[in-house]
Q: 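Take a look at this one; I'll ask things after.
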There are 2 protein chains.
Amino acid sequence: MKKSQSSKEKILRVALKEFAAYGFGGARVERIARQAGVNKAMIFYYYSSKQNLYRIIIKNSLLELIPKIQEAIAVSKSPEQFFENLPKVYIQYFVKNQAVMRMIGFELIQDPGNITSVVRDIFTNIPESPPDLLKNKISIWYQKGLISEPDPVHLILNIIPLCIFSILGKPMVEAILDIKIKNNIDFIDKRINSISNLLKKGMLK
Amino acid sequence: MKKSQSSKEKILRVALKEFAAYGFGGARVERIARQAGVNKAMIFYYYSSKQNLYRIIIKNSLLELIPKIQEAIAVSKSPEQFFENLPKVYIQYFVKNQAVMRMIGFELIQDPGNITSVVRDIFTNIPESPPDLLKNKISIWYQKGLISEPDPVHLILNIIPLCIFSILGKPMVEAILDIKIKNNIDFIDKRINSISNLLKKGMLK
DNA sequence: ACCTATATTAACCAGACAGTTAAACTAACT
DNA sequence: AGTTAGTTTAACTGTCTGGTTAATATAGGT
């Protein structure tokens, strides 16, 4: 029973790319099967439905990302460090896992209720919940007069968008300004830097 | 020939919502027809294909947004004003036209090449191109030592994401922090404020 | 060798899909 | 009343889709 394991996992890997490329509606089960080198029926044998396969992939992806964020929060002893660590972790993860980012993006646009329920589900079953950790840090930092934004909602909404859209929005900005960004590694480095600087100058007191 | 006009336009209005809700692949031509109170064949009669209908809607939407941005840039005599005006224009437009935002989001994720070609197409046929206006302002402001970010790419990528994701990411942040934002008008006001403050503190010298 | 549980396949299905067609309707103009 | 051009419709088509099924293959345990 070794080949089965590889088939089961290969379906996940291939399906992630398929969903990211075409969205749920546009994704084709048969294309996933073909690219995974597996009979179409195997997908239903292992994952019972297209919807279910989709949900499992989203959950897996989030479970992979969360510990990285958890650590970035934990190691940040000051808001300066926090504003440097978090964008770095987010951007580097999403650059390496663009398919994940695209799938999450799709979900947020199409059916926010679905992904948010997955998120809630994950966080209620985690011992040291990263959101709680974050809330505590923010409130302590604000009380100490270190940061200017006391509301965790707006603090988060001032960070995450900058990271995700940096990658997603790149082609758009290239089109708007009518330029071509050649060196992607340089661009990403510059992006992380620009975001960290903006956050430090903009939200530290 | 009066009813035809209203049918033709109603298809556009309904299709915008359909595409925003389900993405291109998930959108159903027949559902558009039914909701527009029109025979399905009418959609092909007026717009020849689903793809073409999609492109026309995207283009129309951008053509509606661009003048607003153009004006926000033009009236901003200082970077302070710019960092206040642009987020306000973006967020207020996207709050009122969430379907447009979702469609653009879909495109950016699924087929960036498509929407970017539409953008290029629009901007090359506009006399006072807003990107050029923006590039000039930024370079002048930087030379005068008023702003800290000389690169228009990163300046834009520090602004637009904050606006778009503020609306799109709201349910996600609610799920992460396990809260419910009740008053949406207050939230949007606070969001515009928080972004303007971040940009002013973070990017002015 | 036989049993059993898991893995895999080809062939199939009913419904849905984008797109077509040809005929009929409408209303303005002559 | 007849012509014309733009609208609208019902009925259709060929293809594709997610999902099913029943038969078969595999391999480990007895």
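In the text below, chain A, chain B and the rest are named by the order of the sequence lines, each starting its count at 1. Side-chain atoms are counted along with the backbone in the values below, which use heavy atoms only and exclude waters and symmetry mates.
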Q: Send over the distance from Ile11(B) CD1 to dT7(D) P, rounded to a whole Å.
A: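 After rounding, the gap between these two atoms is 11 Å.
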
Q: Any ring-ring contact (aromatic ring centres under 6.0 Å, His included) involving residues 159-197 of chain A? Give me the pairs, sequence neighbours left out, ordered by first then second residue.
A: Phe187(A)-His154(B)

Q: Starting at CD1 of Ile32(A) and ending at P of dT17(D), how long is that distance when rounded to a whole Å?
A: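 Going from CD1 in Ile32(A) over to P in dT17(D) covers 12 Å.
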
Q: Residues two or more places apart in sequence or in another chain: which of them pass side chain to side chain donor-acceptor pair (under 3.5 Å) with Glu30(B)?
A: none

Q: Check the phosphate of dT8(D) against Tyr46(B), side-chain N and O only, distance under 4.0 Å to OP1 or OP2. Yes or no?
A: yes

Q: Using side chain to side chain donor-acceptor pair (under 3.5 Å) as the criterion, list what pairs up with Ser129(B), not counting sequence neighbours.
A: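 Residues passing side chain to side chain donor-acceptor pair (under 3.5 Å) with Ser129(B): none at all.
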
Q: Starting from C1' on dT7(D), measure out to OH on Tyr47(B) and report it in whole angstrom.
A: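 Nearest whole value for this atom pair: 14 Å.
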
Q: Please tell me which of the listed nucleotides, dG19(C), dT20(D), dT9(D), lies nearest to the side chain of Ala41(A)?
A: dT20(D)

Q: Below the 4.0 Å mark, does dT21(C) have OP1 or OP2 next to a side-chain nitrogen or oxygen of Tyr45(B)?
A: no

Q: Without decimals, in angstroms, what is the distance between Glu18(A) CD and dT17(D) C1'?
A: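 In whole Å, dT17(D) C1' and Glu18(A) CD are 13 Å from each other.
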
Q: Output the rounded distance in Å from OH (Tyr22(A)) to P (dT17(D)).
A: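 Computing the Tyr22(A):OH to dT17(D):P distance gives 11 Å.
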
Q: For a quick test of reading the model: is some side-chain N or O of Ser7(A) closer than 4.0 Å to OP1 or OP2 of dT8(C)?
A: yes

Q: Among all residues two or more places apart in sequence or in another chain, which pass the side-chain contact (heavy atoms from CB on, under 4.5 Å) test with Val89(B)?
A: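 Partners of Val89(B) by the side-chain contact (heavy atoms from CB on, under 4.5 Å) criterion, ordered by chain and then number, come out as Lys68(B), Ala72(B).
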
Q: My understanding is that only residues two or more places apart in sequence, or in another chain, count here; which of them pass side-chain contact (heavy atoms from CB on, under 4.5 Å) with Ser196(A)?
A: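 Partners of Ser196(A) by the side-chain contact (heavy atoms from CB on, under 4.5 Å) criterion, ordered by chain and then number, come out as Glu84(A), Pro87(A), Ile192(A), Lys200(A).
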
Q: Among side-chain atoms of Ser148(B) and Asn197(A), is any donor-acceptor pair under 3.5 angstrom?
A: no

Q: When only distance counts, do a donor and an acceptor, one from the side chain of Asn39(A) and one from the base of dA7(C), lie under 3.5 Å apart?
A: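 Absent.
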
Q: With sequence neighbours excluded, tell me which residues meet side chain to side chain donor-acceptor pair (under 3.5 Å) with Arg13(B).
A: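 Listed in chain order: nothing, the list is empty.
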
Q: Note down the inter-axis angle between the two ends of the helix from dA1(C)-dT30(D) to dT30(C)-dA1(D), five pairs each, to the nearest 10°.
A: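 Computed from the C1' atoms at both ends, the axes differ by 10°.
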
Q: Over how many whole Å does the gap from Ile43(B) atom CD1 to dT20(C) atom C1' extend?
A: 14 Å

Q: Throw together a table of side-chain donor-acceptor distances under 3.5 angstrom for residues 55-63 of chain A, partners on residues two or more places apart or in other chains.
A:
residue, atom, partner, partner atom, Å
Arg55(A), NE, Asn114(A), OD1, 2.9
Lys59(A), NZ, Asp121(A), OD2, 2.7
Ser61(A), OG, Ile57(A), O, 2.8

Q: Tell me: CZ of Arg34(B) to P of dA10(D), nearest whole Å?
A: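 One finds 14 Å between P of dA10(D) and CZ of Arg34(B), rounded.
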
Q: Tell me, for nucleotides 12-18 of chain C in 5' to 3' order, what letter each nucleotide earns: B for a base near a protein heavy atom under 4.0 Å, S for only sugar-phosphate near one, - for neither?
A: -----SB

Q: Is Lys50(B) reaching over with its side chain to a backbone N or O of Phe24(B), donor-acceptor style, under 3.5 angstrom?
A: yes

